[in-house]
Amino acid sequence: MDALQLVNTHVKLLAFDFLTLKPIPHESTIFFRKGRRLSRAETVGMVVSRDFKPNRFIKFDIDDGTGCIPCILWLNHESSHHFSRRCPSNVRLIAQMAADFASQIQLGVIGRVRGKISRYRGNLQITVSDVVIERDPNSQILHWLDCLRLARNCYDKVVVLPST
């Protein structure tokens, strides 16, 4: 794997960093952050808005104190053609997990959200794969510290590839 890529890794990002990601032309699922290729993200913050459409989706915003990250959790697994080739029992399990996640997403809770970075109508968002409601009041501060440490020691490091 190319040393400049963090593709398929849930990269811990604060909103101010997430919202500066740049899309790669002709690749709808890969984004640039300071020369590194990203496709997945993780964030922690308070749910500050919630738009629930039963059996379709739940859209919500996570505010981590540096900005708001739009998130979408799809709830249409059993009616979507995207899942039509999968085993029906697996699709039911995925749909049940998504419904459980959706029921936990309430205004004012602190949530840890992970998923694919995507764009909708030109705006960045996280297409949610999992949600954890944080019970520890320090979780948001710990996430901030992780983001800063990882940015300094990993994400922002200039990688020099050896000459051959």
Nearest-0.5 Å distance that lies between atom [atom1] in [X] and atom [atom2] in [Y]:
X	Y	atom1	atom2	result
Arg33	Leu13	CZ	CG	6.5 Å
Gln140	Leu145	CD	CG	11.5 Å
Thr127	Lys116	OG1	NZ	8.0 Å
Arg50	Ile105	CZ	CD1	7.5 Å
Phe101	Ile58	CZ	CD1	12.5 Å
Leu14	Ile69	CG	CD1	8.0 Å

With heavy-atom distances below 4.5 Å as the criterion, would you say the side chains of [X] and [Y] are in contact?
X	Y	value
Gln125	Lys59	no
Phe57	Asp51	yes
Ser39	Asn8	yes
Phe18	Asp64	no
Arg37	Phe31	no
His143	Ser139	no

Problem - With Ser49 via side chain to side chain donor-acceptor pair (under 3.5 Å) - residues at least two apart - result: Asp61
Is there a path of hydrophobic side-chain contacts, each under 4.5 Å between heavy atoms of I, L, V, M, F, W or Y residues, that connects [X] with [Y]?
X	Y	value
Leu142	Leu148	no
Val128	Met46	no
Val11	Val44	no
Leu73	Ile110	no
Trp144	Ile126	no

Search all heavy atoms of [X] against all heavy atoms of [Y] and return the closest pair with its distance.
X	Y	answer
Ala102	Leu75	CB-CD2, 3.9 Å
Ala98	Trp74	CB-O, 3.7 Å
Ile133	Arg135	CG2-NH1, 3.1 Å
Ala15	Cys68	CB-N, 4.0 Å
Thr20	Asp17	OG1-O, 2.7 Å
Lys34	Asp156	CD-OD1, 3.5 Å

Problem - Sidechain-backbone polar pair: Arg36 side chain, Tyr155 backbone, donor-acceptor under 3.5 Å - result: yes
Exercise for the section: Decide if atom CZ of Arg56 counts as having more than 12 heavy atoms of other residues, nucleotides or ligands within a radius under 6.0 Å. Expected result: no
Handout entry: Residues, nucleotides or ligands: over 12 heavy atoms within 6.0 Å of Phe32 CZ
Key = yes
Practice task
Have a look at Arg114 and tell me which of Arg40, Glu42, Lys12 forms a side chain to side chain contact (heavy atoms under 4.5 Å, CB included) with it.
Solution key: Glu42
